[in-house]
Every structure is written in structure tokens, then in C-alpha cells.
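Just below is one structure, and these are the notes that go with it.
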Amino acid sequence: MKKLYIALLLAGASLMASAQATFDVLKMSETELSGTSRYMSMAGAFGALGGDVSAISQNPGGIGVYRSSDISATMNVNFLSTKTLSDKLSDTKFWFNNVGYVGSMKIDSDFFKYFNWGFSFSRINSFQRRYQGGYSTGHSLTNKIADNLNAGNWVAQNLSANQYDGNIFYDCNAPWLGILAYQSYLINNNYDGSFKGLATNGTTGVANFYVDEKGHTDEYNITLGGNFKNTVYWGLNFGITDLRFDSYQYYGEDLDNAEIYDYNSDLLIKNHELNAGYRSYLDYTGENIVGLTNGYAGFDFQSYQETRGTGYNFKFGVIVKPINQLRIGAAFHTPTYYDMKDHYKVQSGVDLKANGDTEMCQGYTETGENRYYDEYRYTIKTPWKFLGSLAVVPTSKGLISLDYEYVGANTMRCGDEGGYNYDGTEYMIKDQLQAVHTLRVGAEYRVTPSVSLRAGYSYQTSPVKDEVKGVANDNVDVVSSNYMYQYDKNNQYITCGLGYRYKKFYLDAAYVHQARTSQYHAYPGEQGEEVKDNNNKVSLTLGFRF
């Protein structure tokens with residue numbers, strides 16, 4: 001089988017919009033349930049409790065609860081599983097996700113009882129995820145690409161191979177997937193000079209996809225806090241974040257009765273003889289002459305992304321204990337202000353055959369020389385957060401804690417490295433996203449002075465507005481090099497754990513089950529497929545208080 005392979009390396013300045021569409025910014029802003037084993041075993045419902053190394057980054061006021069120093073380290077074994085209607089993938093990962101130290105100093109004062117400080121490392125999000133699937137379709141990504149080119153009034157002369165040299169590489173509005181598709185013969189010219197995709201009336205086929213994402217967001221925290229009269233506990237936190245995200249995304253279609261480019265047209269062959277640097281007669285003369293035929297079309301796009309970012313944030317929190325049996329907590333998190341940089345690579349493989357198995361694509365072609373640039377830099381401002389908490393401690397043996405978290409997902413911002421917002425992306429964020437509500441509940445019961453049992457539950461709503469969800473929606477903010485987008489419909493955790501204390505040492509274990517339902521779309525308006533995560537985590541924390 002002869003194939004035409006076309007590869008385009010897109011990096012840095014050539015892809016200004018590529019990491020700045022709504023769902024890309026959303027992904028970089030998300031966090032997950034992570035921390036010490038005690039914290040996770042109660043589903044993170046620690047906002048009114050404190051006294052935990054990882055909880056102080058949730059509500060810094062929790063550091064004021066300490067009356068002694070504490071050091072701990074946590075490790076996880078993660079069993080990851082994703083399922084679509086047609087496929088299931090599994091993976092196992094191991095990492096240290098939390099290390100922390102808290103120092104405590106007693107103050108000889110009737111009002112100011114303790115002054116505490118802490119340093120911690122936490123993996124607040126893991127991008128580790130693989131999923132794949134396939135489904136029948138009568139549509140094609142190529143038609144969506146053609147529609148976008150037509151809407152932007154692009155012409156064939158600006159999508160030709162000879163146009164890769166020069167300033168078009170620096171045009172932030174360049175339709176990079178459109179350029180690649182045109183040079184791969186996946187979109188064609190109408191007689192009026194507009195573009196058309198492969199699918200037409202009567203086209204049927206199958207779409208397949210595969211997504212492999214890796215990386216993490218790590219946060220390094222410095223926290224200061226104290227204790228006023230054993231009633232008010234306060235804390236201030238400064239966090240530095242390190243983000244690493246790598247992804248490989250494959251999308252392919254096999255279409256029957258597609259409308260494909262006819263290499264055997266005498267006129268088109270003559271055109272290539274006249275000037276081999278041009279895509280067609282339309283490119284060469286500007287005349288609207290089209291050579292098309294019906295047949296089979298098989299193609300794929302493979303996209304690679306590498307994103308790196310560093311950021312900082314501030315948190316402030318308090319815990320009030322009006323009576324021994326009741327604690328009330330509140331915390332406010334500023335956005336994380338990220339400096340980001342991206343690299344991208346996109347390539348396509350094509351196989352076109354006219355009815356009767358006549359091969360239409362021949363040879364090997366590249367869209368000009370592969371080019372490397374300095375990475376493109378931009379900024380992201382993640383959502384602000386508010387946390388309200390309530391804990392009831394009826395006896396010395398047990399407690400129940402409840403947390404509510406509000407995240408203003410539609411307040412995210414994205415801009416250039418000078419701090420100027422991208423108005424279009426900002427508008428789409430406000431238009432497509434909504435606030436995220438998270439409810440957490442946790443309980444702990446001390447069976448003996450040394451052994452404790454714990455359990456918890458957490459539920460998080462979708463950050464995407466209802467009108468954006470579904471097949472019919474065609475007004476989704478996507479990037480120029482990869483139209484794929486994915487979002488969570490809901491996310492929930494079921495947790496339990498066990499704690500053991502021996503003198504100054506403690507050992508905590510946790511089991512965390514995550515059930516997440518997401519929606520994958522290869523491009524806006526396409527039916528997509530539901531993706532379900534059933535992840536299990538076993539966590540162990542070893543600590544020492546002195």
C-alpha cells in the first residue's frame with residue numbers, strides 16, 4: 001500500500017493559540033485529591049481540622065493547631081484504568097506525593113499561644129491517563145477543517161508548500177491543521193475557490209482515537225501561622241508550582257464513498273509538470289479547476305505536545321473553635337499565576353484510493369523543512385478558590401468533618417508574557433465554563449488510643465456549562481493545530497483508611513477510589529465518546545512528632 005506522509009513540526013512562536021484554548025487552560029488549572037494518607041482517607045475534608053502536613057496547604061489556618069513539631073513522607077501506588085464503549089486500558093504508577101515538616105514554638109503569652117512554620121511538597125495533580133476508542137461516523141474532521149478555512153476567508157495559495165517559508169510561521173492566526181490537511185490532500189477546492197472535506201452525501205466510515213497524557217503539577221509550600229488563646233488558629237501560605245505536561249494524541253478515519261483528490265487527472269498532472277512546487281492548478285494560476293473522484297480515504301493526525309510552567313500563589317485561612325466540640329474553618333486561595341512555554345509537533349498519514357483500488361497518493365512529501373524555534377511563552381491565571389468547613393468533635397474518640405469548596409473556573413485568564421489578556425480566549429472561558437462545586441465529608445473513629453479508622457466521600461461538579469456539552473454544540477474554543485478537547489462531567493472519590501500511633505511515631509494507610517466520567521471530542525460538532533476512569537490508589541504515610 002502506497003501512502004503519502006506529511007509531517008509538520010510546529011513549535012513556539014508558530015503556535016500562539018495552541019495552549020490557550022478554553023479546555024487547555026482548564027486542564028492546566030485542575031487539581032486532584034492528594035496528600036498524606038490521613039488527609040486522603042477522609043476525602044480531604046480537613047478544612048476545619050488542621051494538624052496535618054498536607055491539610056495546611058488546603059487551609060493554612062490548620063498549621064495553628066500544632067503544638068509540637070511534625071515531619072512525614074507519603075508514597076502512593078496508583079492503579080489506573082480507563083474505559084470507553086469499545087476499549088479498556090490499565091496502568092500502574094508509583095511515586096512520592098507528599099513530604100512535609102512543621103515546626104512549633106510555644107509563646108509565653110496569655111493571648112498568643114503558639115507560633116508555627118512549615119515546609120511541604122505535594123503532587124497536587126497527575127496528568128497520567130491513557131484511553132482509546134472508536135465509533136461509526138458519517139462525518140469527517142476534514143469537513144470541519146474546511147469550514148474553518150472558509151470562515152477565515154483563506155485561499156489555496158496561502159496553504160501551499162511554498163508558503164511555509166517566510167512570515168506565515170509567525171502568524172498567530174495561521175490555521176496550522178488546515179495547512180497540514182491541505183498539503184495532505186485531505187481537503188480540496190470547490191469550483192468557487194472555497195474548500196471542502198472528504199465526507200459527502202453517502203459517506204460512511206469509522207473513527208478511531210488514542211490519547212496518552214503524562215506529567216504532573218507539584219507545589220512547594222511555605223506556611224506561617226499561630227494560635228490565639230486556643231480559639232482562633234490562623235495561617236498564611238506561599239506556594240510555588242511546577243507543571244509538566246506531555247501528550248500524544250492520535251485520531252484517524254477510514255471513509256468509504258469519500259470525495260478525494262484525483263491524481264490521474266490529465267490537467268492536474270500537467271500542472272505538476274508546470275510547477276511542482278504548487279499544490280494544484282488553482283494554486284498556480286488562480287483558476288478554479290478541480291479534479292475529484294469518489295473512493296476510499298484513510299488518514300490519521302498525530303499530535304505531540306510538551307508544556308512546561310512555573311507559578312506562584314497565596315493562601316490565607318482561619319479555624320475558629322468556639323467550643324471544644326465545634327470547629328469552623330474558612331480559606332481563600334488566590335489564583336496561581338503561571339509562566340508557560342510550549343512545544344508542538346503535528347503529522348499526518350494519508351491513503352487515498354479511487355473506486356477500483358486505483359492508488360491516488362504516491363511518494364513521500366514534506367511540507368517544507370522542519371523548523372525549530374525558541375519556545376513560545378505565555379501566561380495563565382488559574383481560578384480563585386473559597387473553602388468553608390465545619391467539624392464536629394462530639395467525643396475524644398470520634399469526629400465528623402464537612403468541607404465545601406467553590407472554584408470560579410470561569411474566572412481563569414490567559415495572556416501573553418507581558419501580562420496582556422487574550423480577549424478571545426477570555427470571552428470563551430466566560431462563555432463555556434462555570435463555577436465548580438466540591439463537597440467533601442470525612443469521619444474518624446479512635447478504636448483504641450493507638451488505632452483509628454477513617455472514611456470519606458467527595459463529589460465535584462463539571463466545570464463545563466450544559467449548553468457546551470453534547471454533539472450539537474459547534475461553538476467550542478479549540479486550537480489551530482489540534483481540534484481535540486475533553487472535559488469532566490463529574491468526579492467523585494470514595495476513601496477509607498487506618499491509622500496507628502506508637503509514642504512519637506505514626507503510620508497511616510489509605511485507600512482511594514476515583515470514579516470520573518469525561519467526554520472526548522475529536523473536534524467540535526462531532527459525536528465523541530464517553531470515557532470512564534476507575535482509579536485506585538493505595539497510600540502509606542510515615543511520620544514523627546517531637
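The figures here come from the full heavy-atom set of this structure, side chains too, leaving out hydrogens, waters and symmetry mates.
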*Report the C-alpha distance between Phe195 and Trp154 in whole Å, list the side-chain angles of each, state the deciding distance to 0.1 Å, and finish with yes or no for ring pair (Phe, Tyr, Trp, His ring centres under 6.0 Å).*
CA-CA 9 Å; Phe195 300 99; Trp154 284 80; 9.2 Å; no
_Which atom of Leu433 lies closest to which atom of Ala409, heavy atoms considered_ = CD1-O, 3.8 Å
*asked:* For a 4.5 angstrom cut-off between non-hydrogen side-chain atoms, does Glu405 reach His437?
replied: no
*Do the side-chain N and O atoms of Tyr378 and Asp342 include a donor-acceptor pair separated by under 3.5 angstrom?*
yes
*Could you walk me through whether Phe245 and Phe127 pass the ring pair (Phe, Tyr, Trp, His ring centres under 6.0 Å) test, one step at a time?*
CA-CA 7 Å; Phe245 175 73; Phe127 297 111; 5.0 Å; yes
*For Asp533, enumerate each residue passing the salt bridge (charged side-chain N to carboxylate O under 4.0 Å, His left out) test, keeping only those at least two apart in sequence or located in another chain.*
Arg129, Arg516
*Worked verdict on Tyr248 versus Tyr304 for ring pair (Phe, Tyr, Trp, His ring centres under 6.0 Å)*: CA-CA 5 Å; Tyr248 166 77; Tyr304 303 83; 5.0 Å; yes
*Ala199 backbone acceptor or donor facing Ser140 side chain under 3.5 Å*: no
*asked:* Keeping Thr517 on the side-chain end and Lys532 on the backbone end, is there a donor-acceptor pair under 3.5 Å?
replied: no
*Hey, are Asp246 and Arg308 close enough for a salt bridge, meaning a charged N less than 4.0 Å from a carboxylate O?*
yes
*Counting distance only, does the side-chain N/O of Asp431 pair as donor-acceptor with the main-chain N or O of Tyr427 below 3.5 Å?*
no
*Partner set under salt bridge (charged side-chain N to carboxylate O under 4.0 Å, His left out) for Glu529, not counting sequence neighbours*: none
*Applying side-chain hydrogen bond (donor to acceptor under 3.5 Å, both in side chains), run through Asn188 and Tyr182 and close with a yes or a no.*
CA-CA 7 Å; Asn188 302 293; Tyr182 186 74; over 6 Å; no
*Under 3.5 Å, side chain of Asn97 to main-chain N/O of Gly35, donor-acceptor pair present?*
yes
*asked:* Would you compute the distance between atom CE of Met484 and atom OH of Tyr523 and round it to the nearest 0.5 angstrom?
replied: 14.5 Å
*Measuring from Thr241:OG1 to Asp218:CG, what's the distance to the nearest 0.5 Å?*
9.5 Å
*Take Asp300 and Tyr251 through the side-chain hydrogen bond (donor to acceptor under 3.5 Å, both in side chains) test and state the conclusion after the steps.*
CA-CA 5 Å; Asp300 63 68; Tyr251 176 77; over 6 Å; no
*asked:* For Asp416 and Thr379: C-alpha separation, side-chain torsions, deciding distance, then whether side-chain contact (heavy atoms from CB on, under 4.5 Å) applies.
replied: CA-CA 6 Å; Asp416 62 24; Thr379 60; 5.8 Å; no
*If we ignore angles and hydrogens, is there a donor and acceptor under 3.5 Å between the side chains of Asn313 and Thr336?*
yes
*Quick one: does Thr142's side chain have a donor or acceptor within less than 3.5 Å of a partner on Ile187's backbone?*
no
*In terms of the angle between their ring planes, are Tyr131 and Phe209 parallel, tilted or perpendicular, with boundaries placed at 30° and 60°?*
perpendicular
*Are side-chain N/O atoms of Asp488 and Ser462 paired as donor and acceptor at under 3.5 Å?*
no
*Would you check, one step at a time, whether the test side-chain hydrogen bond (donor to acceptor under 3.5 Å, both in side chains) holds for Ser539 with Asn76?*
CA-CA 4 Å; Ser539 172; Asn76 293 333; 3.0 Å; yes
*Does the side chain of Ser184 come under 3.5 Å of the side chain of Ser348 through a donor N or O and an acceptor N or O?*
yes
*asked:* Can you tell me how the ring of Tyr406 sits relative to the ring of Tyr404, calling it parallel under 30°, perpendicular over 60° and tilted otherwise?
replied: tilted
_Regarding Asn98 and Ser122, do their side chains bring together a donor and an acceptor under 3.5 Å, going by distance alone?_
yes
_Between Gln249 and Tyr210, do the side chains contain a donor N or O and an acceptor N or O under 3.5 Å apart?_
no
*asked:* Whether the Gln514 and Asn491 side chains hold a donor-acceptor pair (N or O, under 3.5 Å, no angle test) is what I'd like checked.
replied: yes
_Between Tyr483 and Asn148, a side-chain donor and acceptor under 3.5 Å_ = yes
*Got more than 12 heavy atoms from elsewhere within 6.0 Å of NZ, Lys88?*
no
_Whether Arg123 and Glu32 form a salt bridge (side-chain N of Lys/Arg under 4.0 Å from carboxylate O of Asp/Glu) is what I want to check._
no
_Salt-bridge present (Lys27, Glu213; N to O < 4.0 Å)_ = yes
*Heavy-atom distance under 4.5 Å between the side chains of Ile240 and Glu219, does that happen here?*
no
*Just by distance, do the side chain of Ser81 and the backbone of Ser90 share a donor-acceptor pair under 3.5 Å?*
no
*Measure the CG-OG1 distance between Asp254 and Thr137 for me, rounded to the nearest 0.5 Å.*
11.5 Å
*Heavy atoms from other residues, nucleotides or ligands near CZ of Phe79 exceed 12 (cutoff 6.0 Å)*: yes
*Which of parallel (below 30°), tilted (30 to 60°) and perpendicular (above 60°) describes Tyr485 and His521?*
parallel
_Thr495 versus Ala43, closest heavy-atom pair with distance_ = OG1-N, 3.3 Å
*Backbone N or O of Thr438 within a donor-acceptor pair of the Arg440 side chain at under 3.5 Å?*
no
